[in-house]
Amino acid sequence: MAIKAEYIWLDGTEPTAKLRSKTKILAEGAEPPLWGFDGSSTNQAEGNSSDCVLRPVKTVPDPIRGGENLLVLSEVLDTDLTPHPSNTRAATAEVAEKFASQDSWFGIEQEYTFMVGSRPLGFPEGGYPAPQGGYYCGVGADEIFGREIVEKHLDNCLAAGLPISGINAEVMPGQWEFQVGPASALDVSDSLWLARWLLYRTAEEFGVSATIYPKPAKGDWNGAGCHTNFSTKAMREGYEPILAACEALGTKTDEHIAGYGHGIDERLTGQHETAHYTQFSYGVSDRGASIRIPWQVEKDKKGYLEDRRPNANMDPYIVTRLMVDTVCTALEKKGLV
């Protein structure tokens with residue numbers, strides 16, 4: 001019996017990679033093999049040497065097609081089977097392996113906005129809705145737009161076996177969030193890319209698009225972020241490593257901001273629950289800081305931190321690599337592992 005395997009990968013579009021996918025027919029029970037594609041059509045090769053290679057890294061049930069069909073997340077290789085320059089996963093795998101003994105966990109909060117044409121879903125034609133305030137975690141047709149799509153997306157993610165841990169409406173009409181994790185750097189990143197693909201694919205069936213652009217509506221509206229919760233084994237057992245992690249992140253501000261998503265200057269303005277992208281701060285229960293330490297963490301003297309800087313359009317492979325490398329290196333040097 002034949003099954004459909006939807007191969008999904010990241011292209012070479014800059015400054016923000018796009019998801020691509022195509023279908024391969026396999027015999028039921030067959031392991032998804034290496035496959036190829038035309039890199040000259042995805043900003044990953046020249047026409048005179050256009051072949052690129054897809055290597056499966058995470059295979060899950062396909063909740064769209066159902067049955068025994070599969071979604072096959074793949075990394076991109078050159079034809080010599082080395083990582084393609086657009087492959088950000090490979091470097092993350094190396095860093096995760098280097099610091100595997102510190103047992104890093106991530107929980108990522110993906111904000112996004114439904115769009116109808118050039119307008120967020122729920123925005124009236126030729127004007128603006130009521131100011132933000134009642135939309136966050138709201139209820140009712142006057143404040144909530146797109147719930148049917150959100151619920152279907154959640155069901156699809158759960159059916160695919162992704163580590164989705166929750167959803168909620170956000171502060172702007174048509175803006176929502178889902179959470180992925182806790183999971184390791186590679187697992188949370190792979191799962192987030194698959195969940196994004198499922199978001200776009202699910203919304204497609206409703207004639208709606210979804211965007212992870214960090215400032216989809218200009219003016220007095222919150223942007224869209226991808227707040228990243230992070231801990232190591234030592235942080236989950238004590239408070240001193242958490243403070244050391246915050247201090248370490250503050251020493252690499254420019255490097256992290258550069259890797260936290262295009263358009264970060266549009267969102268991290270110092271307003272709308274953000275710290276300015278040129279400044280660094282951390283504090284307990286402070287949503288206006290770069291890094292928030294949850295109040296429960298301070299009380300328990302152990303737990304995790306929340307980096308509030310990453311954009312909604314960030315590449316999770318890059319963000320998780322930066323955080324593991326910066327924090328785990330610092331904890332190692334301080335003897336806090």
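Worth saying up front: this structure is predicted, and the values here are computed from it rather than measured. Residue numbers run from 1 in the order of the sequence given.
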Verdict with supporting geometry, Thr42 and Gln44, side-chain hydrogen bond (donor to acceptor under 3.5 Å, both in side chains): CA-CA 5 Å; Thr42 62; Gln44 288 166 301; 2.6 Å; yes
Before giving the answer on side-chain hydrogen bond (donor to acceptor under 3.5 Å, both in side chains), spell out for Glu177 and Gln179 the whole-Å C-alpha distance, their side-chain angles and the decisive distance to 0.1 Å. CA-CA 7 Å; Glu177 174 184 298; Gln179 300 94 38; 2.6 Å; yes
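With a 4.5 Å cut-off on side-chain heavy atoms, Cys246 and Leu305 count as touching. Here the side chains of Gln110 and His227 are not in contact, with every heavy-atom distance at 4.5 Å or above. Annotation: side chain of Tyr239 is in contact with side chain of Ile293 (closest heavy-atom distance under 4.5 Å). The side-chain heavy atoms of Val53 and Trp35, taken from C-beta on, include no pair separated by under 4.5 Å. Inter-residue side-chain proximity for Glu204 and Tyr200 is flagged as unmet; no heavy-atom pair is nearer than 4.5 Å. Put simply, the side chain of Thr92 does not reach to within 4.5 Å of the side chain of Ile318, judged on heavy atoms. Ile8 places none of its side-chain heavy atoms less than 4.5 Å from the side chain of Trp193. Side-chain contact between Val60 and Leu194 is present, with heavy atoms from C-beta onward closer than 4.5 Å.
The pair Lys218-Glu266 meets the salt-bridge criterion, since a charged nitrogen lies less than 4.0 angstrom from a carboxylate oxygen. At a threshold of 4.0 Å, the pair Asp307-Arg309 counts as salt-bridged, since one of the basic side-chain nitrogens sits closer than that to a carboxylate oxygen.
Rounding to the nearest 0.5 angstrom, the gap separating the OG atom in Ser21 from the CG atom in Leu71 is 9.0 Å. Within the model, atoms OG1 of Thr211 and CD of Gln175 stand 10.5 Å from one another, a figure rounded to the nearest 0.5 Å. Within the model, atoms OG of Ser189 and CD1 of Ile108 stand 5.5 Å from one another, a figure rounded to the nearest 0.5 Å. Here the CD1 atom belonging to Ile291 is positioned 8.5 Å from the NE2 atom belonging to His256, to the nearest 0.5 angstrom. Rounded to the nearest 0.5 angstrom, Ile167 CD1 and Phe178 CZ are separated by 10.5 Å. Here the CD1-NZ distance, from Ile64 to Lys4, works out to 12.0 Å after rounding to the nearest 0.5 Å.
The two residues Pro63 and Asn156 have their closest heavy-atom pair at CG-O, 3.2 Å. Here the shortest heavy-atom pairing between Gly146 and Phe114 reads O-CE1, 3.8 Å. Across all non-hydrogen atoms, the minimal contact from Ala245 to Val327 is CB-CG1, 3.6 Å. Residue Ala203 comes nearest to Ile149 through the heavy atom pair CA-CG2, 3.8 Å, listed as atom of the first residue, atom of the second, then distance. Across His84 and Cys52, no two heavy atoms sit closer than the pair CD2-SG, 4.1 Å. Between Pro214 and Pro216 the shortest heavy-atom distance is C-CD, 3.6 Å.
Counted by atom type alone, Gln132 and Asn222 present one or more donor-acceptor pairs between their side chains at under 3.5 Å. At a cut-off of 3.5 Å, with distance as the only test, a side-chain donor of Ser231 or Arg236 sits close to an acceptor on the other residue.
Residues meeting the side-chain contact (heavy atoms from CB on, under 4.5 Å) test with Asn229, sequence neighbours left out: Glu109, Tyr304, Glu306. Take Arg287 and apply the side-chain contact (heavy atoms from CB on, under 4.5 Å) test, not counting sequence neighbours, and it matches Glu273, Arg292, Arg308. Not counting sequence neighbours, the partners of Lys233 by the salt bridge (charged side-chain N to carboxylate O under 4.0 Å, His left out) test are Glu237. The side-chain contact (heavy atoms from CB on, under 4.5 Å) test applied to Gln279 returns His276, not counting sequence neighbours. Taking Thr59 as the reference, Pro32, Leu70, Val72 meet the side-chain contact (heavy atoms from CB on, under 4.5 Å) condition, with sequence neighbours excluded.
Within the cation-pi definition used here (under 6.0 Å to the ring centroid, within 45° of the axis), Lys22 does not qualify as a partner of Tyr7.
Although no hydrogens or angles enter the test, the distance criterion places a donor-acceptor pair under 3.5 Å between the side chain of Ser290 and the main chain of Ser281. Checked by atom type and distance alone, the side chain of Glu143 never pairs as donor or acceptor with a backbone atom of Tyr135 at under 3.5 Å. Remark: the backbone N or O of Thr82 is paired with a side-chain donor or acceptor of Asp80 at under 3.5 angstrom. In terms of modelled atom types and a separation under 3.5 Å, the side chain of Thr329 and the main chain of Thr326 share no donor-acceptor contact. At distances below 3.5 Å, not a single donor-acceptor pair connects side-chain atoms of Asp300 with backbone N or O atoms of Val297. Between the side chain of Thr228 and the main chain of Cys226, a donor-acceptor pair closer than 3.5 Å is present. For Ser74 (side chain) and Trp9 (main-chain N/O), no donor-acceptor pair under 3.5 Å exists by modelled atom type. The backbone N or O of His262 sits less than 3.5 Å from a side-chain atom of Asn311, completing a donor-acceptor pair. Side chain of Ser50 to main chain of Gly39: no donor-acceptor pair is present (N/O by atom type, distance under 3.5 Å, no hydrogens or angles).
Phe37 and Leu73 sit in two unconnected hydrophobic clusters of ILVMFWY residues. Membership requires side-chain heavy atoms under 4.5 Å apart, directly or through other members. Cluster membership check: Leu19 shares its hydrophobic cluster with Val188, using side-chain heavy-atom separations under 4.5 Å among Ile, Leu, Val, Met, Phe, Trp and Tyr. No chain of hydrophobic side-chain contacts below 4.5 Å, direct or via other Ile, Leu, Val, Met, Phe, Trp or Tyr residues, connects Trp176 to Met172. Under the 4.5 Å side-chain heavy-atom criterion for ILVMFWY residues, a single connected hydrophobic cluster contains both Tyr277 and Met314. Connection of Trp105 to Val180 is not established within any shared hydrophobic cluster, with ILVMFWY side chains joined at heavy-atom distances below 4.5 Å, either directly or through further cluster members.
Under a cut-off of 6.0 angstrom, the local environment of NZ in Lys334 is sparse, with at most 12 non-hydrogen atoms contributed by other residues, nucleotides or ligands. Other residues, nucleotides and ligands contribute more than 12 heavy atoms inside 6.0 Å of the CD atom of Glu28. Within 6.0 Å of CD on Glu14 lie no more than 12 heavy atoms contributed by other residues, nucleotides or ligands. For Tyr136, the OH atom is loosely surrounded, since the number of other residues' heavy atoms within 6.0 Å does not exceed 12. Residue Asp254 qualifies as open at atom CG: its count of foreign heavy atoms under 6.0 Å is 12 or below. Other residues, nucleotides and ligands contribute at most 12 non-hydrogen atoms within 6.0 Å of the CD atom of Glu240.
Ring planes of Trp221 and Tyr128: parallel class, angle under 30° (limits at 30 and 60°). In this structure, Phe106 and Phe230 have tilted ring planes: the angle between them lies in the 30° to 60° band. Between Phe280 and Tyr282, the angle of the ring planes lies from 30° to 60°, which puts this pair in the tilted group.
Listed by first and then second residue, the salt bridge (charged side-chain N to carboxylate O under 4.0 Å, His left out) pairs that reach into residues 51-73 are Glu6-Arg65, Arg55-Glu75, Lys58-Asp187, sequence neighbours excluded.
For the side-chain contact (heavy atoms from CB on, under 4.5 Å) criterion with Tyr317, the lone passing option out of Val95, Leu192, Asn87, Asp190 is Asp190.
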